[in-house]
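Bear in mind the structure is a predicted one, so any value in this text is a computation, not a measurement. For ligands, and for the atoms within them, numbers begin at 1 and follow the listed sequence. Any value given below was found using the heavy atoms of this structure, including those in side chains, with hydrogens, waters and symmetry copies removed.
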Amino acid sequence: MTRSSYSPQSTLSSSPSQLPIVDLSAADRGPQARRLLHAQLHSAAHDVGFFQLVGHGVTEAETRALTSAMHAFFALPEADRLALDNINSPHFRGYTRIGDERTGGARDWRDQLDIGAERPARDPGPWEAPYWWLEGPNQWPAALPELRTAALHWIDRLSAVAERLLHELLASIGAPEDFYDDIFGPRAHPHLKLVRYPGSSGDGDDQGVGAHKDYGFLTLLLQDQVGGLQVQREDGNFHDVPPLPGAFVVNLGELLEVATNGYLIATNHRVVSPPGATERYSVPFFYNPRLDARISPLVFPYAQSAPGVTADPANPLFAEYGRNELKGKLRAHPLTTARHHADLLLHPETQPALS
Ligand SMILES: O=C(O)CCC(=O)C(=O)O
Ligand SMILES: [Fe+2]
């Protein structure tokens with residue numbers, strides 16, 4: 001992996017074993033603190049593409065409300081979880097059991113609940129873009145009303161944090177901070193996963209989730225203290241992302257790579273299964289724009305020197321967000337795809353992504 005150089009006079013550690021720590025509250029502590037924040041953000045986003053975010057304002061009580069509802073969900077009898085099976089949702093919402101998800105063509109050893117903006121079902125006509133299937137209702141466990149409350153609150157809360165962070169990040173690379181405001185707003189398409197890694201699969205395969213990039217702008221991840229998340233760094237190797245209590249792990253998604261024509265790149269990451277029977281829990285929140293948003297090239301001083309987006313025939317990056325997300329859902333959830341969307345496997349819009 002090569003990156004064009006940017007060398008600010010920042011205070012970041014250059015050790016690949018440590019991720020930069022960015023304090024978002026510095027944005028409100030006067031022009032000098034904000035300038036330093038921008039130098040750190042610029043370097044963290046450009047050189048690493050992954051960092052730990054503190055000073056985000058989300059309280060321990062809010063986090064506890066979400067994580068206790070999540071633990072209660074995974075403790076439900078399997079039949080209750082399977083009542084929400086993702087396979088029943090043409091919108092890719094609901095519960096995916098261990099081993100049903102694929103990344104890089106291989107099985108992921110985790111189970112998860114996929115939750116998005118709560119909207120009425122969309123059943124796009126043949127003249128409409130197929131990505132409208134991604135809009136629709138969530139599936140909630142009847143026995144745990146507090147899960148719905150906590151998850152929808154988390155989506156609102158983290159959308160606001162991610163919006164502030166995106167503004168500071170754009171400002172840090174010399175772009176207008178509101179450049180992409182129009183493609184978020186009330187039709188934005190945020191997404192949340194509640195994830196459990198149940199420990200070792202026992203067959204020698206340690207893929208919790210395989211190496212991948214996220215589809216949208218920014219991901220804010222809450223991880224517990226177990227560890228196992230790894231990020232691919234400048235040296236091409238995967239390095240551990242050690243848990244930092246109270247911090248969100250932030251990574252850049254594919255749309256920021258598209259927006260900056262490769263000046264910022266979406267960073268590959270994966271999770272290695274915890275050993276033995278150790279369970280790991282995580283909550284990735286994906287800050288995504290409207291499905292029909294077409295990402296215009298960002299106007300910023302480094303645009304001329306940007307190297308272009310990663311050319312990977314197995315994973316083309318689409319500037320139209322819905323298309324970029326649909327490519328990922330069709331390949332990650334083969335059972336849901338086979339049941340509801342076999343026709344889309346032949347659809348011209350999805351072809352290059354699946355070949
Ligand atoms: O569980 C984690 O730490 C990472 C999950 C992840 O990368 C994803 O679901 O996109
Ligand atoms: Fe991810």
Does R270 make a cation-pi contact with F238, if we ask for NZ or CZ under 6.0 Å from the ring centre and within 45° of the axis?
yes
Is the NZ or CZ atom of R323 positioned over F318's six-membered ring, under 6.0 angstrom from the centre and within 45° of the axis?
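Checked: cation-pi criterion met.
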By salt bridge (Lys or Arg N to Asp or Glu O under 4.0 Å), which residues pair with E60, not counting sequence neighbours?
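Salt bridge (Lys or Arg N to Asp or Glu O under 4.0 Å) check on E60 returns R64.
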Among Y180, F184, F217, Y215, exactly one meets ring-ring contact (aromatic ring centres under 6.0 Å, His included) together with Y287. Which residue is that?
F184
Do Y131 and H189 have ring centres separated by under 6.0 Å?
no
Name of whichever N/O/S atom of H269 is nearest to the Fe ion (ligand 2):
NE2
Atom name, D214 (N, O or S, nearest to the Fe ion (ligand 2)):
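Atom name of the closest N, O or S in D214: OD1.
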Identified salt bridge (charged side-chain N to carboxylate O under 4.0 Å, His left out) partner of D111 from the options K193, R196, R97
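Only one of K193, R196, R97 forms a salt bridge (charged side-chain N to carboxylate O under 4.0 Å, His left out) with D111, namely R196.
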What closest approach, in Å, do H56 and F248 show between heavy atoms, and which atom pair accounts for it?
CD2-CD1, 3.5 Å
For ligand 1, find each of its N or O atoms that sits under 3.5 Å from a protein N or O atom, and tabulate the pairs with distances to one decimal place.
| residue | atom | partner | partner atom | Å |
| --- | --- | --- | --- | --- |
| ligand 1 | 1 (O) | Y197 | OH | 2.6 |
| ligand 1 | 1 (O) | R280 | NH1 | 3.1 |
| ligand 1 | 1 (O) | S282 | OG | 2.6 |
| ligand 1 | 3 (O) | R280 | NH1 | 3.1 |
| ligand 1 | 3 (O) | R280 | NH2 | 2.8 |
| ligand 1 | 7 (O) | H212 | NE2 | 3.1 |
| ligand 1 | 7 (O) | H269 | NE2 | 3.0 |
| ligand 1 | 9 (O) | R110 | NH1 | 3.1 |
| ligand 1 | 9 (O) | R110 | NH2 | 3.4 |
| ligand 1 | 10 (O) | H212 | NE2 | 3.0 |
| ligand 1 | 10 (O) | D214 | OD1 | 3.2 |

